[in-house]
Amino acid sequence: IIHSTFENLYNEFSDNHIDYNRYTEIVESKLSEAYQKALETNNFPNGLPDSGFNYLSKIMIDELINNFIGYEKTFLSNGNTLKVIGLEKNLHHTFNINGIDVNLIGFADRIDMANGETIRILDYKSGSVKDSDVEISKDVKELKDLSEKSLQLLIYKYLYKKMNKNIAIENIEPAIF
């Protein structure tokens, strides 16, 4: 429901630059509609029940959506801008190891450009993510020493770079929200 809500909402921005005022205007006018459409897509046309496990899920979903929108508003209120490049995008690259083609695939929830230069590859998580889950220590020498989420972010960055050779690697920032 979270993914669908954001996909529905960010479709409203359709490749235009987003500043704080435009973001606030679209969120205020379209968030409820995007959420309702997400509920329908996920087989809850009458909303989530007001009791039991689904009620707890509803509270968590609402909180996560509001937290993310709050983060975006803060980011944009500091004079930053965004441009949505893609929603629910496959990232892929094929390479050959000893004559065997290996397909590396990722799935980005959203790709945007911040301030006209930084590509952000976003992955929405509904579970708990700690800073330590995505930090990469300078001591790490092998992939096996990375957390699952850190490895996922590195793979997304690698895949995006392979698919977009003209983008400088230092301008690609994967993130989990």
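Every heavy atom of this structure was used, including side-chain atoms; hydrogens, water molecules and symmetry mates were not.
- By the neighbour-count criterion of 12 heavy atoms within 6.0 Å, atom NZ of K89 is sparsely surrounded, having that number or fewer from other residues, nucleotides or ligands.
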Practice task
Evaluate the criterion side-chain hydrogen bond (donor to acceptor under 3.5 Å, both in side chains) for residue pair T81 and D19; output intermediate values, then yes/no.
Solution key: CA-CA 5 Å; T81 60; D19 62 13; over 6 Å; no

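- Atom OG1 of T5 is separated from atom CG of L31 by 7.0 Å, given to the nearest 0.5 angstrom.
- The two residues I1 and A38 have their closest heavy-atom pair at O-CB, 3.6 Å.
- A 6.0 Å sphere centred on CD of E63 holds no more than 12 heavy atoms belonging to other residues, nucleotides or ligands.
- Ring pair Y124/F6 is tilted by interplanar angle, where 30° to 60° counts as tilted.
- Note that CD1 of I155 is 5.0 Å distant from CG of L104, once rounded to the nearest 0.5 Å.
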Problem - Candidate pair R110 and F177, rule side-chain contact (heavy atoms from CB on, under 4.5 Å), full reasoning - result: CA-CA 11 Å; R110 186 174 107 206; F177 287 98; over 6 Å; no

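- The shortest heavy-atom contact between G106 and Y156 is CA-CE1, 3.7 Å.
- Contact record, E117 with N171: O-CB, 3.6 Å, taken as the closest heavy-atom pair.
- Cluster annotation: I65 is not connected to I59 through the hydrophobic network of ILVMFWY side chains, with a link wherever side-chain heavy atoms come within less than 4.5 Å.
- With a 6.0 Å radius and a threshold of 12 heavy atoms from other residues, nucleotides or ligands, N98 has its CG atom at or below the threshold.
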Exercise for the section: Output, in order, the C-alpha distance, side-chain angles, deciding distance and verdict of side-chain contact (heavy atoms from CB on, under 4.5 Å) for L159 and I121. Expected result: CA-CA 11 Å; L159 292 172; I121 305 168; over 6 Å; no

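- Heavy-atom minimum distance, L91 versus A108: CD1-CB, 4.1 Å.
- Of all heavy-atom pairs spanning N42 and S4, the tightest one is ND2-OG, 3.4 Å.
- The minimum heavy-atom distance between T24 and K73, with the atom names listed, is OG1-CE, 4.0 Å.
- A distance-only check finds a donor-acceptor pair linking the side chain of N80 to the backbone of F75 [under 3.5 Å].
- Here E88 pairs with H3, E7, F107, D109 under the side-chain contact (heavy atoms from CB on, under 4.5 Å) rule; sequence neighbours left out.
- When atom types are taken as modelled, the side chain of Q36 and the backbone of P45 share a donor-acceptor pair closer than 3.5 angstrom.
- Note that NZ of K30 and CG of L9 are 10.0 Å apart. Values are rounded to the nearest 0.5 Å.
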Exercise for the section: Any chance you could lay out the side-chain contact (heavy atoms from CB on, under 4.5 Å) test for I69 and Y23, step after step, and finish with the verdict? Expected result: CA-CA 9 Å; I69 287 173; Y23 186 80; 3.6 Å; yes

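- A heavy-atom distance below 4.5 Å is found between the side chains of Y10 and E72.
- Residue H93 holds its NE2 atom at 9.5 Å from CG of N103, rounded to the nearest 0.5 Å.
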Practice task
Step by step, work out the side-chain contact (heavy atoms from CB on, under 4.5 Å) result for M113 and H17.
Solution key: CA-CA 9 Å; M113 181 179 288; H17 287 279; 5.8 Å; no

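- The side-chain heavy atoms of I119 and N164, taken from C-beta on, include no pair separated by under 4.5 Å.
- Residues F13 and Y71 are members of one and the same hydrophobic cluster, defined by side-chain heavy-atom contacts under 4.5 angstrom among Ile, Leu, Val, Met, Phe, Trp and Tyr.
- By the rule that hydrophobic residues join a cluster once side-chain heavy atoms approach within less than 4.5 Å of another member, V102 and Y158 end up as members of one cluster.
- Cluster annotation: Y160 is connected to F95 through the hydrophobic network of ILVMFWY side chains, with a link wherever side-chain heavy atoms come within less than 4.5 Å.
- Atom CG in N16 sits 12.5 Å away from atom CG in L82 (nearest 0.5 Å).
- No donor-acceptor pair under 3.5 Å is formed between the side chain of K162 and the backbone N or O of H92.
- Taking NZ of K37 as the start and CG of L39 as the end, the distance is 12.5 Å to the nearest 0.5 Å.
- Proximity of N8 to Y35: side-chain heavy atoms (C-beta onward) are nowhere separated by under 4.5 Å.
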